[in-house]
4 protein chains.
Amino acid sequence: MPRNSEASQKKIMEVAVKIFARKGFDGARVDEIAREAKVNKALIYYYFKSKSLILEEIFRIFNDESSKLIISFFQDQAELEDSEWLITFFDAFMTFLEERKDILKIMITESLKSNENEPPIFGFMNLIFQQDIEKYIQSMKKRGFHMSDDKEQMMVTEFFTDIIPILTYVVFKDKWSRLFGVDKERLKSMFFEAYSSTHLAYHLGQKPK
Amino acid sequence: MPRNSEASQKKIMEVAVKIFARKGFDGARVDEIAREAKVNKALIYYYFKSKSLILEEIFRIFNDESSKLIISFFQDQAELEDSEWLITFFDAFMTFLEERKDILKIMITESLKSNENEPPIFGFMNLIFQQDIEKYIQSMKKRGFHMSDDKEQMMVTEFFTDIIPILTYVVFKDKWSRLFGVDKERLKSMFFEAYSSTHLAYHLGQKPK
Amino acid sequence: MPRNSEASQKKIMEVAVKIFARKGFDGARVDEIAREAKVNKALIYYYFKSKSLILEEIFRIFNDESSKLIISFFQDQAELEDSEWLITFFDAFMTFLEERKDILKIMITESLKSNENEPPIFGFMNLIFQQDIEKYIQSMKKRGFHMSDDKEQMMVTEFFTDIIPILTYVVFKDKWSRLFGVDKERLKSMFFEAYSSTHLAYHLGQKPK
Amino acid sequence: MPRNSEASQKKIMEVAVKIFARKGFDGARVDEIAREAKVNKALIYYYFKSKSLILEEIFRIFNDESSKLIISFFQDQAELEDSEWLITFFDAFMTFLEERKDILKIMITESLKSNENEPPIFGFMNLIFQQDIEKYIQSMKKRGFHMSDDKEQMMVTEFFTDIIPILTYVVFKDKWSRLFGVDKERLKSMFFEAYSSTHLAYHLGQKPK
DNA sequence: AATGAATGAGTGTTCATTCAT
DNA sequence: AATGAATGAACACTCATTCAT
């Protein structure tokens, strides 16, 4: 390993994520990535063919990791108690996303642009439901969760009232906390309260408090 | 080729909204706005001091119009029956947003960037709750909606499980419909079903079906 | 005509010709063209979409002008005496080329590259023989010049032993004169002697002296 | 992947010649040479101090080889019959150049640039006349060829109506054959016909047919 | 002898903005 | 009110060259 190939490459991607999140992909400057990553700008092009391909690589890795997480929860942890499973899953998912909140920002921003590509956020959603949707629905029902039998309805409900609120919370919590002067822990528990009393309540079929 | 101030100015803003939505503010080019609006590029600078100020003007007008809509519903239409009021409000709000979906895209994108400004989406939310939050809560409760007495909690719930899903639906419905091959009317009713069975159910304190 | 569009455009092309000739198209720098033409670099791109298109425009104009010259000699000046016509033509052609020697340098250089385009020098040759080759041959023969009846042979002979020596003389005469310390007038008459005693002698069917 | 000095070095030069010819020296990329020669880019700099020095080495070797060829014909083969000598020389010279046509392309291209160096094509010409020009002229005359007694005139005639047509034929024959759909053998004989009936005719003092 | 990583100085091109009319 | 011309500062990307091993 002459010099430190992997370290440089990793550093570039980390900084790129930060700056893409901060300024948007189009607002980000390759020069700035180089400066902040403390590497020569040409080195970025030594590892990545273009600015866009840095982004694609970021998404690719994110999708890989997401896949693994999802699979592990529907396969490996299948033996957990239902209530325990839910909490474990929610927590793990939340932690996973919070650690990648910059990527989520980029993902949302890029999803809103009007190009021909599939919005990356749809790709992410598809990952979550990647396995046989039938199987997914059955496995959730078996666990006692109320789910629509209509697959299309199920996806709409899960996307707009589950995934989206969670992602939105993750990408906006810092700003919310700062601008409204709310402690982060309290904000988190308020969000969980909101999520429980709407989306979770729906799944559990309980009257919300 | 418009030869009068207002027409040109309006055309510029309309086209700017479209292009900012399509490519993002940073991805948009003043040249392209000029070309598509069929005005000379320098004319844009005759009416707007800079590219950013076009955006600010867009947001300003949007906020003005939003304000008016909100106020009208809490003041002018106060005499409507409760159930009728809710539906009328939801429909009017939805129509209003759908007509401005491009602005919403821009608003979300710009809100995600990390600059010192207040994210425009928070500004939009504040507009909705602009009048005395107390008064708002009371007025909702009076109408029979379950609302948290905790003002902070109320805002969190309304933002992440009401406003956000609605905005997200509006900005993604075209892509969703196209990519998943779902008819727009059906998508709308599925979204309404999702919204009702989670957020509305919470307000109405009913068991969701 | 706000400011001086045409002047700038013309200046850019003139300087581009000079620099492309001096350094080759690939060795030339747009920056240098801008500097030497005393225009802003971006102005170059205001008039020409790319560096390559500057070159294409240069060739286009050169070809137009060549066409006109050729046509004028085969049509307008058809009434001249034969010997007079030849000398007039040769002189006019020579003057025309000497005034455009930089373009010829570029043309030769670009013709040698291996891309899919037709080498510009072939395009130039085709211009010369553009009118019905038959007609051309007949018109030359009528004037008493020996010409091959085989069209392909005729083109080969004219290209390699007429056009090419002339072009080569034009593009190398300055360097020759400087490096071998030969006066330009003398060089010219030596070249004419060489040309007469080989190519012209062939056409005239005379024993060279 | 060659593991020995000479093979790598030779491969680099061969590929460099090909690419310099294809794209011009300035249009050629060291990266591309490395890729096509299947050697590491840094290895090129291990053998050659710079891109320019690759070119200089190419020319140096070409000139050496040319020298040898010329000398052999004026010394070693001096005992051949005159007519035989001429044909043998022309054929050998032609073959030699055809095998090096890529170098000739580079030579012409580089000769056209305006730098202070002696154009390599003049260097090549000087090689041919390197020995005492007097001696050369006498030796040609002795063989019965008509030659100008004026040394300067002789060089002009030989350069522009002998060397240049031959070089030009060699560097353009492939393109000519392809673009005009002429068989290469036929093209060669047409060129020889053109050359004979102009330049050779001059030397032989015969009326061209 | 050979290589993957790294770099400084460019290089063509773009862009928001301004000028002159 | 409107426009074609002009500009300075970037910008993504490239390239010859060197380093460290």
Side-chain angles (χ1 to χ4, degrees), chain A residues 1-9 26-34 38-54, chain B residues 1-9 26-34 38-54, chain C residues 1-9 26-34 38-54, chain D residues 1-9 26-34 38-54:
Chain A
M1 203 186 330
R3 267 130 131 188
N4 49 351
S5 172
E6 270 182 61
S8 301
Q9 210 167 336
D26 294 297
R29 301 299 159 219
V30 176
D31 267 289
E32 197 182 351
I33 296 174
K38 288 185 184 106
V39 303
N40 185 287
K41 184 168 43 155
L43 192 64
I44 295 179
Y45 287 91
Y46 180 72
Y47 289 118
F48 304 91
K49 295 215 159 181
S50 73
K51 193 185 166 191
S52 315
L53 287 176
I54 305 176
Chain B
M1 230 174 308
R3 265 278 154 187
N4 63 88
S5 175
E6 282 198 35
S8 298
Q9 207 168 341
D26 294 297
R29 302 296 163 222
V30 176
D31 265 289
E32 196 182 352
I33 296 173
K38 288 180 184 119
V39 303
N40 184 284
K41 188 170 40 155
L43 191 64
I44 294 179
Y45 287 89
Y46 180 75
Y47 289 122
F48 304 91
K49 295 218 156 179
S50 75
K51 191 185 166 191
S52 313
L53 288 175
I54 305 176
Chain C
M1 203 186 331
R3 266 130 129 186
N4 48 354
S5 172
E6 270 182 59
S8 300
Q9 209 166 337
D26 294 296
R29 300 299 159 220
V30 177
D31 267 290
E32 197 181 350
I33 296 173
K38 288 185 184 105
V39 303
N40 185 286
K41 186 168 44 154
L43 191 65
I44 294 179
Y45 287 89
Y46 180 74
Y47 290 118
F48 305 91
K49 295 216 159 179
S50 73
K51 191 185 168 193
S52 314
L53 287 176
I54 305 176
Chain D
M1 229 175 307
R3 266 277 154 188
N4 60 89
S5 177
E6 282 197 37
S8 298
Q9 206 167 340
D26 295 297
R29 303 297 162 222
V30 177
D31 266 288
E32 196 182 351
I33 296 174
K38 286 180 184 121
V39 304
N40 184 283
K41 188 170 39 156
L43 191 64
I44 293 179
Y45 286 89
Y46 180 74
Y47 289 121
F48 304 90
K49 295 220 155 177
S50 73
K51 191 185 167 192
S52 313
L53 288 175
I54 304 176

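Below, read A as the first sequence line, B as the second, and so on, with proteins coming before strands; counting in each chain starts at 1.
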statement: Against the side chain of D:K51, the closest entry in F:dT17, E:dT13, F:dG4 is F:dT17
Residue D:Y45, side-chain heavy atoms: nucleotide from F:dA6, F:dT17, E:dA2 that is nearest: F:dT17
statement: Nearest heavy-atom approach of B:F48 to B:L53 is CD2-O, 4.4 Å
- prompt: Do the side-chain N or O atoms of D:S8 get closer than 4.0 angstrom to the phosphate oxygens (OP1, OP2) of E:dA2?
  reply: yes
task: Identify, between A:V39 and B:R29, the residue whose nearest nucleotide on DNA chain E lies closer to the 5' end.
output: A:V39
- request: May I have the distance from C:K38 (atom NZ) to F:dG8 (atom P), rounded to whole angstrom?
  value: 15 Å
query: Out of E:dG8, F:dT7, E:dA1, which nucleotide sits closest to the side chain of D:L43?
result: E:dA1
message: Any donor-acceptor pair, under 3.5 Å, between the side chain of B:K41 and the base of E:dT17, if you only look at N and O atoms?
response: yes
- prompt: Starting at the 5' end of DNA chain E and moving along, which residue's nearest nucleotide shows up first, A:Q9 or C:V30?
  reply: A:Q9
message: On a heavy-atom basis, which atom in A:A34 and which in A:N40 lie closest, and how many Å separate them?
response: CB-C, 4.3 Å
- prompt: For the pair made of CG in A:N40 and P in F:dC19, what is the distance, rounded to whole Å?
  reply: 14 Å
query: Can you tell me how far C1' of F:dA2 sits from CD of B:E6, to the nearest Å?
result: 17 Å
- prompt: Given the rule that a pair is Watson-Crick or G-U wobble with both distances under 3.5 Å, how would you write DNA chain F in dot-bracket, using | for pairs to a different strand?
  reply: .||||||||||||||||||||
- prompt: How close or far is atom P of E:dC15 from atom CG of A:D26, stated in whole angstroms?
  reply: 11 Å
message: On a heavy-atom basis, which atom in C:Y47 and which in C:S8 lie closest, and how many Å separate them?
response: CE1-CB, 4.1 Å
- request: Send over the distance from B:I44 CD1 to E:dC15 P, rounded to a whole Å.
  value: 14 Å
- prompt: Contact class for B:Y47 vs. all strands (heavy atom < 4.0 Å): base, sugar-phosphate, or nothing?
  reply: sugar-phosphate
- request: For B:A34, report the nucleic acid contact type (base, sugar-phosphate, nothing); a contact means any heavy atom under 4.0 Å.
  value: nothing
query: Just checking D:A28: base, sugar-phosphate only, or nothing, at a heavy-atom cut-off of under 4.0 Å?
result: sugar-phosphate
query: Tell me: CD of A:E32 to C1' of F:dA12, nearest whole Å?
result: 14 Å
- prompt: Between the base of E:dA1 and the side chain of D:Y46, is there any donor-acceptor pair under 3.5 Å?
  reply: yes
query: Phosphate oxygens OP1/OP2 of E:dA5: is one of them under 4.0 Å from a side-chain N or O of A:S5?
result: yes
task: Could you tell me whether the side chain of C:D31 has a donor or acceptor atom within less than 3.5 Å of a complementary atom in the base of E:dG12?
output: no
query: Rounded to the nearest 0.5 Å, how far does NZ of C:K41 lie from CD1 of C:I33?
result: 11.0 Å
